[in-house]
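Numbers restart at 1 for each chain; the letters A, B, ... are given by sequence-line order, proteins then strands.
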There are 2 protein chains.
Amino acid sequence: MTVTIGEIAKLAGVAKSTVSRYLNGGPIGDKTSRKIEQVINETGYVPNTFARSLKAKKTNIIGTIVPRLNSYATSQTLIGIDEELKARGYQLIISNTSQDLKREIESIYSLANQKVAGIILLATKVTERHLQVFADVKVPVLLVGQQRDECYSLIHDDEAAGYEIGKYVTGQGHKNIVYLGVTEEDIAVGVKRKKGFKRATEKEEDCEIHYVETSFSLKEAVHIFPQLYQTYHPTAIVCATDNIALGIMKAAQMEGLTIPRDLSITGFGGYDITEIIHPGITTAQFFYQEAGVLAANSIVKLVHQEEVEKLTISGFELIIRESVDKIR
Amino acid sequence: MTVTIGEIAKLAGVAKSTVSRYLNGGPIGDKTSRKIEQVINETGYVPNTFARSLKAKKTNIIGTIVPRLNSYATSQTLIGIDEELKARGYQLIISNTSQDLKREIESIYSLANQKVAGIILLATKVTERHLQVFADVKVPVLLVGQQRDECYSLIHDDEAAGYEIGKYVTGQGHKNIVYLGVTEEDIAVGVKRKKGFKRATEKEEDCEIHYVETSFSLKEAVHIFPQLYQTYHPTAIVCATDNIALGIMKAAQMEGLTIPRDLSITGFGGYDITEIIHPGITTAQFFYQEAGVLAANSIVKLVHQEEVEKLTISGFELIIRESVDKIR
DNA sequence: CTGAAAGCGCTTACAG
DNA sequence: CTGAAAGCGCTTACAG
């Protein structure tokens, strides 16, 4: 039998409203407070979330929408969010959309309907429809990974990372480089990383750079490698994600090339696996877990109507491993 | 302004209870039904979950407790669970315990308190305390990954997988093998895989097998490799998980060994990465996502008090790649 | 600081 | 098949 606030009130000899106040930190007399505390401890009373939410019309739940569950970046970010939310007395609900844009929109409505206090969206692409829906539900929303002026956003420093990678690779003497990027529909990955890289390398002398576009798929990277290599014969391929770098490396090794002697490769992300494989991949590591903590902090502030920077930028670190050779 | 059942009733010219019946599939007259349907469509009415749960004292939420979020097996299993639950009109709540046993227990209570309809536990170790708590909360529980006679369980066929790996490695002519296992506290990984392997290999003639124990950590595998290799000089190392195999491979390559020419390596799990790296790792692949679907099915049946096998066994497939050499 | 009362939005016997 | 009424467990003005 589960115990209710009414029974606590009876046992403590007070009114239900008083117990409610005790629970919610209202003004309570010392003796009353102690009495209620004692009864609650004895009975192991836990308030019924539904009744509370029904009446109060709000919850202490934060919804996080993710495009996919099986991604390093997603997992790490979620861990950070989860830890921080727990520490602040909030609960996390994860909604997976399997990269389905329609399901993303539905999830926002569904979370709003569940009266979540706030929503964190790990975004890949933010459309007009998204902005419209954000305005429609009156729940605070935080975008992670992409930036829009209309929203609160938390992004990784993709452009600076691109710049550092560019500086490093040219600094190692490479003069014939392929930049293997992705669609510009993805602002963070497709536009900013490339932009940073371009800025770092455009003043290089006698340096030939070819910009090629591929998908996010590791398999496609494997697939296009032979043709790509034959066409440009680069000494280095700068890949827009670690996944792409992994694909290129696999394909190169299958062709009998030795990394980095015959070909240098870099990635972006700092996924665990870039360290695990041999040779380790030089990459720009983002701090996903830390970003998750920042995101949780921001959304809680937004829920409390506290002030939050419109844009938060999470840092990165250039991790130099063995996949880039020095050329002279 | 959010619309309530009362307004729908008024607009449709019926009683609230009739609308409620319509919503829950009770007996309804044809005309009434159509009228209500129309009003609901016009208003975009969505029932309030809290009110419903408060009154009905149950939800259509399934809680899944996971030891960690950043694991391939976990992610894949969750994807399977999520898909299937969605298809069946249930919602998934994920509770991450960060491998903290105390938090695991707390999570069970917390989910039960939220009146989830059922709980799926991706278990690593099942203690007496667990069983006690399962009995305490009256919510149906399904164990995934470990088996206990006291519970409904879904496991992977670890023993058969161990057997197949054993047969395959000895079949390739290896006569000096190290089996690199983990603690026997983990029944599935520590006991069953080894048991199957042992059964497959114990009748081999002139075959020397050394059983060594390590942790689940990839780093530790890297660390112990030199000593291990020097001590036994095996031609093959059978690792109890893909992670351990990855660590051994990395360490071996750092020592200048070529896989599989100088050393053969196998894993268990079938993680994506075993295919991505070069050479690809021969491994016993479990069907995590499929297992997730099975798990979701079972828990829904349990919720409906339908009959479910006490133990479900999910299959595996031996994936032969390049990491094992043929010896003569 | 405390209590009595109303009400959040639904479901569920109970009548008809 | 349908309606009126009670009640799920809490919170929140309103008095005092």
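With 3.5 Å as the limit, one finds no donor-acceptor pair spanning the side chains of A:Glu83 and B:Asn96.
A 3.5 Å limit on both hydrogen-bonding distances identifies D:dC1 as the Watson-Crick or G-U partner of C:dG16.
Between the P atom of D:dG9 and the OH atom of A:Tyr45 lies a distance of 10 Å, rounded to the nearest Å. As rounded to whole Å, 12 Å separates atom P of C:dT12 from atom CG of B:Leu54. In this structure, A:Lys10 places its NZ atom 20 Å from P of C:dT2, rounding to the nearest Å. Distance A:Arg21 CZ to C:dA5 C1': 13 Å, rounded to the nearest Å. Distance NZ (A:Lys35) to P (C:dC1): 20 Å, rounded to an integer number of Å. Whole-Å rounding puts the A:Lys16 NZ to D:dA13 P distance at 16 Å. If you measure from atom CG of A:Asn48 to atom C1' of C:dC8, you get 13 Å, rounded to the nearest angstrom. Atom NZ in A:Lys58 sits about 16 Å away from atom P in D:dC10, given to the nearest Å.
In terms of polar N and O atoms assigned as donor or acceptor, the side chain of A:Ser17 never comes within less than 3.5 Å of the base of C:dA5 in a complementary pairing.
Listed pair B:Tyr22 / D:dG3 fails the phosphate criterion, with no side-chain N or O lying under 4.0 Å from OP1 or OP2. Side-chain N/O atoms of B:Thr18 include one lying less than 4.0 angstrom from OP1 or OP2 on D:dG3. Considering only side-chain N and O atoms, A:Lys55 lies nowhere under 4.0 angstrom from the phosphate OP1 or OP2 of C:dG9. Within the structure, a side-chain polar atom (N or O) of B:Asn24 is placed less than 4.0 Å from OP1 or OP2 of C:dT11. Note on B:Thr4: every side-chain N or O is 4.0 Å or more away from OP1 and OP2 of C:dG9.
Between A:Gly29 and B:Ser20, the residue anchored closer to the 5' end of DNA chain C is A:Gly29, taking for each the nucleotide with the nearest heavy atom. Closest-nucleotide positions on DNA chain D for A:Val46 and B:Ile28 were compared, and the one nearer the 5' end corresponds to B:Ile28.
Enclosure of atom CD in A:Glu42 by more than 12 non-hydrogen atoms of other residues, nucleotides or ligands within 6.0 angstrom is indicated.
With rounding to the nearest 0.5 angstrom, the CD1 atom of B:Ile94 is 12.5 Å from the OG atom of B:Ser107.
Closest to the side chain of B:Ala15, out of C:dG3, D:dC10, D:dG3, is D:dG3.
The ring-ring contact (aromatic ring centres under 6.0 Å, His included) test with B:His156 is passed by exactly one of B:Phe287, B:Phe316, B:Tyr288: B:Tyr288.
Cation-pi geometry between A:Lys310 and A:Tyr152 is satisfied (NZ or CZ under 6.0 Å from the ring centre, within 45° of the ring normal).
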